[in-house]
Number of protein chains: 2
Amino acid sequence: MNTTIGTEMVQIESKRTFDQPPAAAQTAPNEGRGDFDARLNRILNAATAVIARVGYEKASMRMVAKEAGVSLAGIYHYFDSKEKMLFLIQFRSFNALLNGLREKLHHVADPVEQLRLMVRSHTNYFVANMAALKVCSHELDSLSGDAYAETLAIRRQYYDLTRGIIDRVFEKYAPNSPADRHVATMCLFGALNWLYRWYDPKRGRSPNVLANQIATQFLQGILGVSPPEEPSPPPPA
Amino acid sequence: MNTTIGTEMVQIESKRTFDQPPAAAQTAPNEGRGDFDARLNRILNAATAVIARVGYEKASMRMVAKEAGVSLAGIYHYFDSKEKMLFLIQFRSFNALLNGLREKLHHVADPVEQLRLMVRSHTNYFVANMAALKVCSHELDSLSGDAYAETLAIRRQYYDLTRGIIDRVFEKYAPNSPADRHVATMCLFGALNWLYRWYDPKRGRSPNVLANQIATQFLQGILGVSPPEEPSPPPPA
DNA sequence: GTATGTCGAACGAACGTTCGTTCTAATTCA
DNA sequence: TGAATTAGAACGAACGTTCGTTCGACATAC
């Protein structure tokens, strides 16, 4: 099915199949789908909140049903299983994260600025979707089989995208650094993925200040000197 | 009860109470305790392995019993409950980590060297006790009530110890840095606690090289320049 | 216009399984 | 013998999932 995530469309499998062209499926061609999607999103959001609160294993389908205001059996009209439900949550988030970053990177060429962008993008998405990103960070191994492989593939793309930026930063500004690029990348992911354990946007520094410090620390850490500061307003958009 | 962890002794509560002096507790004064402790450790190690493998909620007491080669009911002679068992695992690890670091810090005065020591100590403990530290990093919220509060208190001590080092690094080498000390500290913990997700000592760089890179990146990150390198061999032990 | 048929959506109830924990009786060891 | 410790059966509770049914909106037939 086509589900809107942020601004991009991604293919997501749900229970509904579209082997037949959906032309004459409904009299009101969009109203039926709207109902379906609205309810799907409501359940997914409820599930995300519950899983973020108590963890995947402790989160029961009954809790999700209560939080979503839906019957227990009603949930199974949208997912085959609890595991597929978790898969959808993670898949949607990782896709949004990945596609959002890809799009933004087109407007920036310098690798240092790209890395700042990556950190800012990740932090902002985290602040806007705390529960979802907590589920993504904490329940990485709760899937198995094909579902796990599929999320792993997306995470791998996100890693490769970030790793490429870091490689270019090294190449351009510290080509002779002995630092292991993989270790450096995972340190950055560690700092970012650990956010869900401690960062509260309502109590701490603003997301932008936080992102700036993380990015600056990381860049100084691998380059050994203060990297060029953010150039005053970017060239005409 | 007194249980040996690494080289230090820590107070740990288990099922056995010592309201009575343990003098005449057993005919063989040390052999009985040895049996008890050996079996306790065997069960704890088995539980650590199982929980690290499948997670706390999915880890059943039956799995632990099988892994330890003990009957299901037999486990409950050593713990009141599954939660107390997890508590003991975390409590022992955090205590070992904390006391190990405290002891080592006595031999070093410069805060930069102290921080390198902290990273090396943490990394080495991780490599030597991968399953335990995975359980400590991943199951932080699986406890509740008093057990949670108690582990939180130890973690707080570990944070304070590290935070103090970082504060002194700033004070001595970059007193005017606008960086938030708390954010800096949590970035370091993020990089360290994320290790269990990706680092395999058998496949990647050696623990010492890894620790060096993490420490150097962090120090450069907050100081903006390469910090003084490790002084050649330490003074006579 | 009304009755009939169809289909997806949603429901409460129940299924079989597994969980943490407890009970009881047998066994072990000094 | 007697105290300590075991294994295995059994408990109630909670789990994910399925079942048979009902509801309501729309299409068709008369």
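Chain letters run A, B, ... following the sequence lines, proteins first, then strands; residues in each count from 1. What you are looking at is a predicted structure, and each value in this text was computed from that prediction instead of being measured.
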Tell me every residue that passes ring-ring contact (aromatic ring centres under 6.0 Å, His included) with Y158(A), counting only those two or more places apart in sequence or in another chain.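 Only H122(A), F189(A) meet the ring-ring contact (aromatic ring centres under 6.0 Å, His included) criterion with Y158(A).
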Pairing residues for Y148(A) by the ring-ring contact (aromatic ring centres under 6.0 Å, His included) criterion, not counting sequence neighbours: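 Testing Y148(A) for ring-ring contact (aromatic ring centres under 6.0 Å, His included), a comparison that skips the adjacent residues, returns none.
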Specify the separation, in whole Å, of atom [atom1] of [X] and atom [atom2] of [N].
X: L86(B); N: dC19(C); atom1: CG; atom2: P; value: 17 Å
X: I43(B); N: dG20(C); atom1: CD1; atom2: P; value: 15 Å
X: L40(A); N: dG8(C); atom1: CG; atom2: P; value: 18 Å
X: I75(B); N: dT6(D); atom1: CD1; atom2: C1'; value: 13 Å
X: E83(B); N: dC19(C); atom1: CD; atom2: P; value: 18 Å
X: M85(B); N: dC19(C); atom1: CE; atom2: P; value: 13 Å
X: K66(B); N: dT18(C); atom1: NZ; atom2: P; value: 12 Å

Looking only at the side chains, is there a donor atom on one of R92(A) and N41(A) sitting less than 3.5 Å from an acceptor on the other?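 Yes, N41(A) and R92(A) have a side-chain donor paired with an acceptor closer than 3.5 Å.
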Looking only at side-chain N and O atoms, does S142(A) offer a donor or acceptor that is under 3.5 Å from a partner on E57(A)?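 Side chains of E57(A) and S142(A): no pair found under 3.5 Å.
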If you take atom types as modelled and just measure distance, does the side chain of H77(A) reach the base of dA10(C) with a donor-acceptor pair under 3.5 Å?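 Answer is yes: a donor-acceptor pair is held.
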Contacts to DNA chain D from residues 67-74 of chain A, heavy-atom cutoff under 4.0 Å, which residues?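 Under 4.0 Å from DNA chain D: L72(A), A73(A).
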Positions of residues 55-64 of chain B (non-hydrogen atom under 4.0 Å from DNA chain D), listed by number: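 When residues 55-64 of chain B is checked for heavy atoms under 4.0 Å from DNA chain D, the hits, listed by number, are R62(B).
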Which residues share a side chain to side chain donor-acceptor pair (under 3.5 Å) with S137(B), sequence neighbours left out: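 None.
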NZ or CZ of K82(A) within 45° of Y56(A) ring axis and under 6.0 Å: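 Yes, K82(A) lies over the aromatic ring of Y56(A).
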Check the phosphate of dC19(D) against Y76(A), side-chain N and O only, distance under 4.0 Å to OP1 or OP2. Yes or no?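 No, because none of the side-chain N or O atoms of Y76(A) sits under 4.0 Å from OP1 or OP2 of dC19(D).
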For D146(A), check side chain to side chain contact (heavy atoms under 4.5 Å, CB included) against everything at least two apart and list the hits.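 Listed in chain order: nothing, the list is empty.
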So, does Y199(A) use its side chain to make a donor-acceptor pair with the main chain of V127(A) at under 3.5 Å?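 No; judged by distance alone, with no hydrogens or angles, the pair does not exist.
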Nucleotide nearest R39(B) when distance is taken to its side chain, options dC11(C), dT18(D), dT6(D):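 Out of dC11(C), dT18(D), dT6(D), the nucleotide with an atom closest to R39(B)'s side chain is dT6(D).
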Ionic contact status for E67(A) with R53(A), cut-off 4.0 Å: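 Here R53(A) pairs with E67(A) in a salt bridge, since their nearest N and O are under 4.0 Å apart.
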